[in-house]
Amino acid sequence: MRLGGRETGSGQRLGRYRLLDLIGRDGDARQHRALDANGQTVTLWTVPLARLSADAAGLERFRQRAGAAARLSHPAIPAILASGEHAGTVFVATAAVEGPTLAARLDGGALHWDETVTTLDRILGALAAAHRAGVCHGTLTAEAIRCSGTAATVTGFGLAALTTADVGLRDDLAAVVRLAERLLAGHDDRPGVAALLATLRDDGAEAFPDAGSLQRAVAALNGAAVPPPARSRSWRLSVGGMVLVGGMAALAVLNRPSPPPPPLPPIPEMPMAETQMAVDAAAVTDIQPLSPAPVSPPPPVPPPTVSEPPPAAALAQALRSIPCALVEVETIGGRLLVSGMVAGEPAETALRDTVKAFVAGWDHGFDLVTVDAQFCAPLGSVAPALNANSVLPDPLTVTLPDGPALSAGDPLVLEIRAPSRPVQLQIDYFTIDGSVVHLLPNPSDDRTALAAGAVRQLGERREDGKPGSGRSWTIGPPYGTEMLLTIAAAEALFPTARPEQEPAADYLAALAKALATLPENAPPPLADARFITTAP
């Protein structure tokens, strides 16, 4: 594969990862065994950035799909550790899974019956959980299943984020039906198996409405007759999107009274058995000081108890002290997930170390996109303002009506909402080549004042989508991930307008002085930062 114009091979680096072996490929995607910055073995899927940036929504679609996959929590699905772009390559990193593939196991003959049922149950359970979360696999085959003892693990979730294919629920159902046929083929002499195989072969993906229904039918083979599959129509489910599953069924009802049901036999009284649950608290390991983290790690949280919720709010508060990171913390199925963007490998390492120190005893995961380290400087310069804004009930907010993924020639349009007090705005656009463009104030617009709670638009767009005749900005080269920074203060930061475009280093030096000289009795400045992905 090509990485920034070079062939990647063993020993080369991709951001915080050191590539070891090329172990697989799927079209343009390459699968590597790699080591992260902590020496942990991971599986790294990569594709050239140009593969996803062929259309305006490509990178945003990748982030949505990878983020949705990272939120999956199931024992048969490896955790997605990170996703992002680096030096012309887009990647998804997952926990490494050892063991032979299911395809290799089946090449040696049919599995034992108990292992067949257990394997199918785990595959179908993982697929059902993913579909409920709005995530499709897209490339489900026996090669994607790893067998560790008798426990099957479904690898490849997140790989669909690296493709432009429109995979859906029906594709996954068709794939798992083929897997079920292959696994059950050696056991058609068992009661019920031949009938289920006939149904799968005749109806394919239409045999069952979802993976959960097929899972229940397989479980029934161990002692009960296979229930007839419910007929329903399934609509396409986009990866990382909303689950849309619906069906219509016609039920014929005879227009005559039903005979009364027979009386129920008396239920004998049964003695109640006492049950007791013992909960062992997880041991908290000693926490070592972060190095080279910019802050000291917080004290460890006591081990979780049955009734204790995950410390999402406390962790989010702790992460605000780490510069160069814009992240959120949420709880998914009892698992803490830290997601967002970090500027540079040192910031990502510091964030990961802080999370691991803080949540000792809690299951947690990451969905992080690492962007160029140059954006750490502007984020760090306004870190107190970002933190002050994040805790307000009515914060300063900036939105992009056209989304954060823009293509060459697209107009840049912003909507800014003031906090619950009047402010003066300074809006800056930091480019990938180290420059900053001052969007407000600018040579033709010095209206930086915004009343409390007021909303204004910056940039113009005609009905045909092109820039308007007033002050406007359009996307042009160089392309990549860039940053929009909005600062709201009680008074203008600069007494005279700065050049509309200047080196970021010059501006950041002046910004630091301006922030340091604000009156002590003035309300603290606020800030909002947004990353924007641009493409040809």
Side-chain angles (χ1 to χ4, degrees), residues 293-296 298 312-329 340-343 347 350-351 354 358 374-400 414-430 436-442 445-456 458 483-498 504-531:
V295 295
S296 299
L315 176 58
Q317 177 64 34
L319 293 181
R320 292 191 187 107
S321 63
I322 296 182
C324 313
L326 295 176
V327 296
E328 296 179 350
V329 181
M341 292 188 168
V342 291
L351 183 141
T354 301
F358 192 90
Q374 67 169 302
F375 298 117
C376 187
L379 285 174
S381 68
V382 295
L386 289 168
N387 293 337
N389 192 56
S390 67
V391 298
L392 292 180
D394 298 307
L396 166 73
T397 56
V398 179
T399 57
L400 295 101
L414 318 176
E415 289 184 0
I416 307 101
R417 180 181 294 274
S420 56
R421 58 179 170 88
V423 292
Q424 298 281 339
L425 298 175
Q426 175 74 35
I427 304 178
D428 305 310
Y429 187 96
F430 291 83
V436 59
V437 178
H438 302 302
L439 305 183
L440 191 72
N442 64 65
D445 189 351
D446 59 0
R447 296 170 297 140
T448 61
L450 196 59
V455 179
R456 72 161 293 182
L458 192 63
M483 192 179 78
L484 179 70
L485 181 61
T486 303
I487 305 172
E491 59 184 48
L493 292 179
F494 302 101
T496 58
R498 299 191 63 83
D506 294 348
Y507 172 65
L508 290 176
L511 177 61
K513 293 179 181 179
L515 292 172
T517 56
L518 288 175
E520 293 184 0
N521 60 349
L526 308 174
D528 179 283
R530 305 281 164 171
F531 284 102

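None of these values were measured; they are calculated from a predicted model.
Using a 4.5 Å cut-off on side-chain heavy atoms (C-beta onward), Pro441 and Arg447 make no contact.
Rounding to the nearest 0.5 angstrom, the gap separating the CD1 atom in Ile427 from the OG1 atom in Thr486 is 4.5 Å. To the nearest 0.5 Å, the span separating CD on Gln317 from OG on Ser390 amounts to 7.5 Å. Taken to the nearest 0.5 Å, the CD atom of Gln424 stands 13.0 Å off from the CD1 atom of Ile487. The CE atom of Met341 sits 11.5 Å away from atom CE of Met483, with the distance rounded to the nearest 0.5 Å.
The backbone N or O of Asp528 sits nowhere less than 3.5 Å from a side-chain atom of Asn389 that would complete a donor-acceptor pair.
Minimum heavy-atom separation, Ala454 to Leu450: O-CD2, 3.7 Å. Listed here is the closest heavy atom pair of Val423 and Ala418: CG2-CB, 4.2 Å. Nearest approach of Asn387 to Arg320, heavy atoms of both residues: ND2-O, 3.1 Å. Nearest heavy-atom pair across Leu396 and Pro419 is N-CB, 4.0 Å. Here the closest non-hydrogen pair linking Asp445 and Leu440 is O-CD1, 3.7 Å. What you find for Ile322 and Ala350 is that their closest heavy atoms are CD1-O, 3.9 Å.
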Output side-chain donor-acceptor pairs under 3.5 Å for residues 504-526, partner residues at least two apart or in another chain, one line each.
from	atom 1	to	atom 2	distance (Å)
Tyr507	OH	Asp428	OD2	2.5
Thr517	OG1	Lys513	O	3.1
Thr517	OG1	Ala514	O	3.1

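With sequence neighbours left out, Gln374 forms a side chain to side chain donor-acceptor pair (under 3.5 Å) with no residue at all. The ring pair (Phe, Tyr, Trp, His ring centres under 6.0 Å) search around Phe375 returns Phe531, not counting sequence neighbours.
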| query | Where do Arg530 and Leu414 land on the side chain to side chain contact (heavy atoms under 4.5 Å, CB included) test, with the steps shown first? | reply | CA-CA 11 Å; Arg530 305 281 164 171; Leu414 318 176; over 6 Å; no
| request: List the steps, then state whether side chain to side chain contact (heavy atoms under 4.5 Å, CB included) holds for Leu439 with Leu484. | output: CA-CA 10 Å; Leu439 305 183; Leu484 179 70; 3.7 Å; yes
| request: Check the pair Ile416 / Val455 against side chain to side chain contact (heavy atoms under 4.5 Å, CB included), numbers first and verdict last. | output: CA-CA 6 Å; Ile416 307 101; Val455 179; over 6 Å; no
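When the shell of 6.0 Å around CD of Glu415 is examined, it contains more than 12 heavy atoms from other residues, nucleotides or ligands.
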